[in-house]
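Given the structure is predicted, the values throughout are model-derived calculations rather than measurements. Naming: A, B, ... by sequence-line order, numbering from 1 per chain.
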Amino acid sequence: MQEPSPVVVSMEFSEICEHFEQLEQTSSRLEKTGIVTSLLTRAHRDEIPIVVQLILGSVFPTWSTEKVGVGEKLLIKVVADVTGLTEGTILGYLKDTGDVGRAVEQAMENKKQVMFLTEDLSLSRVYDDLTKISQYEGKRSQDKKLKILAGLLTNASPLEARYLSRIVVEKMRTGVAEGTVRDGIARAFGMPSDVVEKAFMVSNDMGLVAKKACEGEEALSTLSLMLFRPIKMMAAQKVSTVEEGFEIVGTPCAVEYKYDGFRMQIHKEGSKVRIFTRRLEDVTRQFRDVVGVVRENIGGDCIIEAETIGIAEDGRWLPFQQISRRIKRKYDIDEIIDKIPVMTNVFDVLYLNGESMIDEPFKSRRQKLEKIVTSVPRKLVLSEMVITDDAEEARTFFSESLSLGNEGVMLKNLSSPYTPGLRVGHMLKLKSVLESLDCIVIGAEWGTGRRAHYLGSFHLAVLDENNMPVMIGKVATGITDEMLETLTERLRPLIEYEEGKMAHIKADLVVEVAYEEIQKSPHYESGFALRFPRLIRMREDKGPEDADTIERVYDIYESDML
DNA sequence: ATTGTCTGCCC
DNA sequence: ATTCTGC
DNA sequence: GCAGAATGGGCAGACAAT
């Protein structure tokens with residue numbers, strides 16, 4: 001059992017919720033920062049980390065293994081229990097408002113049951129109960145979670161219920177996330193914003209950052225790069241041509257294969273090795289094969305970064321779908337290691353023998369990396385890279401990369417530092433030109449949040465052998481506000497019937513959808529699905545009979561396999 | 001023992 | 001992952 | 001140009017229902 005929070009007088013949860021509502025009502029970035037600052041100033045010192053975590057819309061920091069384990073469905077069940085309304089009624093509110101929090105709030109306002117003995121919720125009560133919920137597992141655990149959550153909701157005002165719900169499902173929608181909280185912390189405690197930012201990059205725990213900031217700049221600066229504390233990974237910008245890339249990154253630059261696997265940050269000290277994913281989850285257990293090869297073939301204590309891909313017996317690289325079977329594996333790990341062997345392509349070093357490397361230029365990091373890695377063919381290699389200022393050479397390298405089954409190339413500025421978490425012009429990705437399909441819209445789903453009251457997601461079909469539409473996936477991105485409106489009005493009269501948020505739509509409209517790749521689908525009727533689909537445009541010049549066919553999809557799939 | 005639904009996390 | 005939008 | 005939000009396919013695991 002969890003110890004109660006060590007606080008004498010806990011902040012009222014309602015006070016926090018009032019701040020949340022203010023945040024929701026302003027769109028000004030600066031004003032939001034001000035509201036966060038004011039909330040932090042009001043919070044009791046000991047409760048600051050919790051307040052910060054809740055502002056971010058979760059109970060635990062991202063690296064934590066603790067999860068509340070309550071999603072939208074279970075939440076609605078709880079609300080039905082508490083209010084005496086049916087789940088159907090609440091789902092109706094959800095569809096009307098397009099927001100879980102508002103739906104629960106509305107349910108609380110319209111509840112059938114009259115409550116007695118309600119007490120004010122304190123922050124510590126909310127936090128302790130949510131922590132308790134996270135600890136239940138096994139048989140009947142959902143029921144136990146439900147009971148505690150029901151207890152909280154029973155004592156919550158409608159406004160508190162709104163935010164309690166959003167915290168539980170991790171969808172705050174106040175327009176505040178890490179960036180604003182970082183600025184708010186800097187302002188509240190008079191810290192330089194970049195110091196706060198750095199502390200967050202290496203700790204990935206905003207609550208902890210706030211606590212240290214509250215103690216002073218010296219305490220804050222103790223959060224620095226350390227072995228076995230994963231740091232935020234550098235992100236890449238997208239470009240669409242080599243020239244555009246050269247322009248941003250400068251020449252000569254590094255051009256590297258962009259492998260289609262898992263990004264890994266590997267920490268090593270002597271024989272101790274731990275592996276973290278992009279979201280800084282620890283996946284050491286799942287990849288003990290990688291641990292072994294790293295332990296034997298990388299010299300020194302270090303933090304390195306790599307992309308790990310699946311590799312077949314003939315040496316060809318496996319599609320992402322296959323290696324993805326390894327990441328969540330908890331049982332029979334040795335079996336899957338045998339079945340889906342991997343190759344780790346190392347491309348950066350962030351820490352080496354007691355020294356941070358992140359401020360070193362990329363070129364010298366790469367040189368150091370080459371000294372510590374002993375290549376083991378098909379297991380552990382340096383990423384393929386050339387350094388060039390010749391666009392033609394870069395393009396050739398790019399095509400070569402694609403032909404091997406990679407996603408494209410990365411372009412890197414040779415003198416750039418490693419910038420954790422940032423997507424600045426130091427590192428770029430260049431992917432292949434997209435293919436597209438003309439698909440029939442056969443269904444749609446009512447959207448949420450800013451897409452409430454619009455159809456926000458569209459079900460796509462191609463024509464089968466009998467010219468009947470068969471589903472091949474959904475698309476929901478690439479849509480401007482204007483298009484969203486047009487699509488909704490265009491499709492509204494074609495709705496045949498609705499089931500919850502789903503609308504079944506008469507085959508009539510054709511849309512062009514671009515995608516990265518065609519995959520085998522275990523789920524869709526057509527047997528195929530689109531990877532990273534995005535809407536390009538409506539094809540009013542085409543009728544459903546002119547849509548692309550399953551034969552064409554099959555042909556593209558086959559030719560992509562080569 | 002099997003199946004279906006939900007959740008969280010890879011891309 | 002991709003994309004759009006407001007600041 | 002950043003920060004935030006809304007949405008994609010698919011996988012394993014955890015539970016609940018059958």
When we call it a touch if two heavy atoms are under 4.0 Å apart, what does K171(A) touch: a base, just sugar-phosphate, or nothing? nothing

Y515(A) near the nucleic acid: base, sugar-phosphate alone, or nothing, with a heavy-atom cut-off under 4.0 Å? nothing

Pairwise P distance for dA6(D) and dC10(B), with rounding to whole Å: 22 Å

Describe the nucleic acid contact of L535(A) in one word from base, sugar-phosphate, nothing, applying a heavy-atom distance below 4.0 Å. nothing

Would you classify I323(A) as touching base, sugar-phosphate or nothing, given that sugar-phosphate means primed atoms plus P, OP1 and OP2, and contacts are heavy atoms under 4.0 Å? nothing

Can you confirm whether W446(A) sits close enough to L455(A) that some side-chain heavy atom of one is under 4.5 Å from a side-chain heavy atom of the other? yes

K429(A) near the nucleic acid: base, sugar-phosphate alone, or nothing, with a heavy-atom cut-off under 4.0 Å? sugar-phosphate

If you look at every strand shown and take non-hydrogen atoms under 4.0 Å, does R326(A) touch a base, only sugar-phosphate, or nothing? nothing

May I ask you to say what T33(A) touches in the nucleic acid, namely base, sugar-phosphate or nothing, with a heavy-atom cut-off under 4.0 Å? nothing

Strictly below 4.0 Å: does Y331(A) bring a side-chain N or O up to OP1 or OP2 of dA14(D)? yes

Looking at R534(A), does any N or O in its side chain come under 4.0 Å of the phosphate oxygens OP1/OP2 on dA1(C)? no

Look at all strands and tell whether L74(A) reaches a base, only sugar-phosphate, or nothing, counting heavy atoms closer than 4.0 Å. sugar-phosphate

Between R552(A) and D555(A) (salt bridge meaning N to carboxylate O under 4.0 Å), is one present in this structure? no

Which part of the nucleic acid does F532(A) contact within heavy-atom distance under 4.0 Å: base, sugar-phosphate only, or nothing? base

NZ/NE/NH1/NH2 to OD/OE distance under 4.0 Å, R288(A) and D334(A): yes

Quick one: does R490(A)'s side chain get under 4.5 Å of L487(A)'s, heavy atoms only? no

Of all the nucleotides listed (dC11(B), dA3(D), dG10(D)), which has the minimum atom distance to the side chain of T180(A)? dA3(D)

Just how far, in rounded Å, is P of dT7(D) from CD1 of I479(A)? 9 Å

May I ask you to decide if A529(A)'s main-chain N or O and R531(A)'s side chain share a donor-acceptor pair within less than 3.5 Å? no

